[in-house]
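Positions are given from 1, in the same order as the sequence printed here. All ligand and atom numbering here is 1-based and tracks the order in the structure. Every heavy atom of this structure was used, including side-chain atoms; hydrogens, water molecules and symmetry mates were not.
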Amino acid sequence: MTEEKVQLYRGLREVYIDRTTSSFIDGDIGKLLYRGYNIDDLAVKSTFEETAYLVMYGELPTREQLAAFDSELKASRGLPGEILDVIKLTRNSHPMDVLRTAISALSAYDADTEDNSTEATLRKGVRLTAQAPTIVAAHARIRDGNDPVDPDPSVNHATNFLQMLNGEAPDPQDAALIDKDFVLHAEHGINASAFGARVAASTIADLHCAITTGVAVLKGPSHGGAAEEVMKMAQEIGSEENAEKYVRDRLDGGGRIMGFGHRVYKAIDPRSVHLQEDAKALGERKGEPGWFGILQNVIEVMEPYRRRGIYQNVDFFSGTIYYLLGIPDDLFISIFAMGRVPGWTAQVVEQFENNILLRPRLQYTGEMDRTYVPIEERS
Ligand code: CMC
């Protein structure tokens with residue numbers, strides 16, 4: 001058969017699908033801006049609450065705006081009892097599947113679910129930002145046979161998450177690392193999960209549909225799942241001396257090194273720079289510097305790949321940080337998701353405000369005009 005002549009953009013590589021003011025990535029020099037502000041400034045000077053406001057509303061908040069936003073987040077952290085029942089029913093699923101299911105189920109308890117106005121979408125985005133950590137922490141406790149810990153309105157977002165997870169107030173330095181990690185994950189252009197969220201929004205489905213889609217898409221190891229894989233790799237490597245052989249064997253076998261490579265960054269991912277420093281300091285503080293040493297050696301072995309634009313990405317060090325904070329491996333992606341709810345929300349608002357159905361084409365390469373044969377005549 002003759003194939004119709006079309007221009008194919010497999011993987012939508014380098015395809016721009018719309019305009020945005022949410023974030024800017026210069027992949028050639030490793031630069032990331034949220035609403036025009038450099039991630040390097042936000043990582044060290046901002047907080048997750050302030051950054052979430054910036055990403056969702058487009059401007060840094062005044063003191064009063066931040067206080068009101070923070071109160072709204074704190075007041076929204078609780079979950080209806082029925083959602084805790086959903087979490088109990090799905091306790092044996094992967095934490096990302098539980099998060100996706102609980103966010104989807106929350107649509108039944110949100111007065112604004114079907115309202116796609118900008119105001120209502122932002123209100124829902126605030127609530128889902130507040131509720132995501134409660135879902136993840138409640139599930140982690142329930143599956144271990146423990147009761148969920150109630151959210152604490154007297155502490156910030158990151159502290160509250162660790163407190164709900166572990167049942168005790170965290171070391172403030174640990175909470176500060178999670179806060180920074182949330183800042184670094186808040187928004188990131190039209191990555192696969194944001195694209196998924198936008199596709200849902202483009203059909204004029206609501207924010208719960210879009211964020212449920214975002215969580216589903218984030219789960220894969222090519223996207224948010226890489227952090228978990230990096231820590232597994234570090235454990236398999238086991239010692240600094242073994243890193244070189246492990247990496248070479250994996251690459252020679254046609255495998256990939258998780259936490260390396262990016263569709264957009266062909267230079268160092270600026271988020272990984274902050275996490276690298278944090279992972280080093282945390283390893284020393286916790287008396288376990290070995291993990292950082294192993295990962296550092298992996299980077300050295302991967303040096304030749306830099307010529308091809310393959311550098312470590314955000315997931316390379318985040319997993320080590322979570323591990324050193326005592327967080328179970330299968331919760332790593334959920335932490336990424338918790339940080340990303342503001343970014344998904346901002347992009348859904350953008351999609352709604354200038355909507356166009358996201359509906360590309362596929363080139364058909366199968367057979368044409370085949371004759372239908374009744375089942376009794378088929379051999
Ligand atoms: N290790 C070894 N080789 C790699 C890697 C890697 N991690 N990543 C890309 N390559 C090679 C790949 O083999 C290919 O080589 P060739 O041209 O010889 O076939 C070339 O680089 C291009 O790879 P690609 O898959 O076409 O590039 P992509 O832009 O589609 O892939 C990626 C991006 C993130 C899926 C990929 O780099 C990868 O699989 N990385 C490992 C998983 C990972 O760390 N994911 C987290 C991404 S950052 C956080 C996030 O956004 O979620």
* Does at least one non-hydrogen atom of A192 fall below 4.0 angstrom from an atom of ligand 1? -> no
* Residue pair D181 / H185, side-chain donor-acceptor N/O under 3.5 Å -> yes
* Counting each atom of ligand 1 from 1 as listed, which ones have a heavy atom of L251 under 4.0 Å away? -> 2 (C)
* Among all protein heavy atoms, pick out the one at the shortest distance from atom 43 (C) of ligand 1; state its residue, atom name and that distance to 0.1 Å. => A226 CB, 3.5 Å
* **L218 N/O under 3.5 Å from ligand 1 N/O** => no
* Structure fact -> Counting from 1 in the order shown, the ligand 1 atoms closer than 4.0 Å to a non-hydrogen atom of R263 are 28 (P), 29 (O), 30 (O), 33 (C)
* Carboxylate-amine/guanidinium contact E277 K280, below 4.0 Å -> no
* **Steps toward salt bridge (Lys or Arg N to Asp or Glu O under 4.0 Å) verdict (D315, R271)** => CA-CA 9 Å; D315 284 332; R271 303 168 297 177; over 6 Å; no
* Asked: Out of R256, H185, R250, Q312, whose heavy atom sits nearest atom 25 (O) of ligand 1?
  -> R256
* To do: Verify salt bridge (Lys or Arg N to Asp or Glu O under 4.0 Å) between D329 and K232, making sure each step is shown before the conclusion.
  => CA-CA 8 Å; D329 296 9; K232 271 190 207 142; over 6 Å; no
* For G261, take its heavy atoms, then give the atoms of ligand 1 lying under 4.0 Å from any of them. => 34 (C), 37 (O)
* **Protein non-hydrogen atom below 4.0 angstrom of atom 4 (C) of ligand 1 present** => yes
* Asked: For atom 42 (C) of ligand 1, what is the nearest protein heavy atom, given as residue, atom name and distance?
  -> M258 SD, 3.3 Å
* To do: Anything under 30° is parallel, anything over 60° is perpendicular, the rest tilted; go ahead and classify F182 against F48.
  => tilted
* To do: Salt-bridge test for R248 and E244: reply yes if a basic N is under 4.0 Å from a carboxylate O, no otherwise.
  => yes
* Element-labelled atoms of ligand 1 that are located less than 4.0 Å from some non-hydrogen atom of V314 -> 49 (C)
* Can you find a protein heavy atom closer to atom 23 (O) of ligand 1 than 4.0 Å? -> yes
* **Whether F316 lies under 4.0 Å from ligand 1, heavy atom** => no
* If you measure from the Lys or Arg side-chain nitrogens to the Asp or Glu carboxylate oxygens, is any gap between D110 and R127 under 4.0 Å? -> yes
* Can you pull out the closest protein heavy atom to atom 40 (N) of ligand 1? Residue, atom name and distance to 0.1 Å, please. => F260 O, 2.8 Å
* To do: Let me know which of Y323, Y322, F317, F316 forms a ring pair (Phe, Tyr, Trp, His ring centres under 6.0 Å) with W291.
  => Y323
* Give the residue, atom name and distance (to 0.1 Å) of the protein heavy atom nearest atom 50 (C) of ligand 1. => H223 ND1, 3.3 Å
* Atoms in ligand 1 flagged as close to P221, the criterion being non-hydrogen separation under 4.0 Å -> 42 (C), 45 (N)
* To do: Please determine if D174 and R285 form a salt bridge, counting it only when a charged side-chain N lies under 4.0 Å from a carboxylate O.
  => yes
* Do H188 and H262 have ring centres separated by under 6.0 Å? -> yes
* To do: Using a strict 4.0 Å threshold on nitrogen-to-oxygen distance, state whether D97 and K219 make a salt bridge.
  => yes
* Asked: Hey, what do you get for CD (E59) to CE (M56), rounding to the nearest 0.5 Å?
  -> 15.0 Å
* Asked: Identify the closest protein heavy atom to atom 17 (O) of ligand 1: which residue and atom is it, and at what distance?
  -> R308 NH2, 3.9 Å
* How close does the nearest protein non-hydrogen atom get to atom 26 (O) of ligand 1, and which residue and atom is it? -> R13 NH2, 3.1 Å
* atom 49 (C) of ligand 1 [closest protein heavy-atom partner, distance rounded to 0.1 Å] -> D315 OD2, 3.4 Å
* **Heavy-atom nearest neighbour in the protein, as seen from atom 10 (N) of ligand 1, with distance rounded to 0.1 Å** => I310 CD1, 3.4 Å
* **Sub-4.0 Å atoms of ligand 1 with respect to non-hydrogen atoms of G259** => 43 (C), 44 (O)
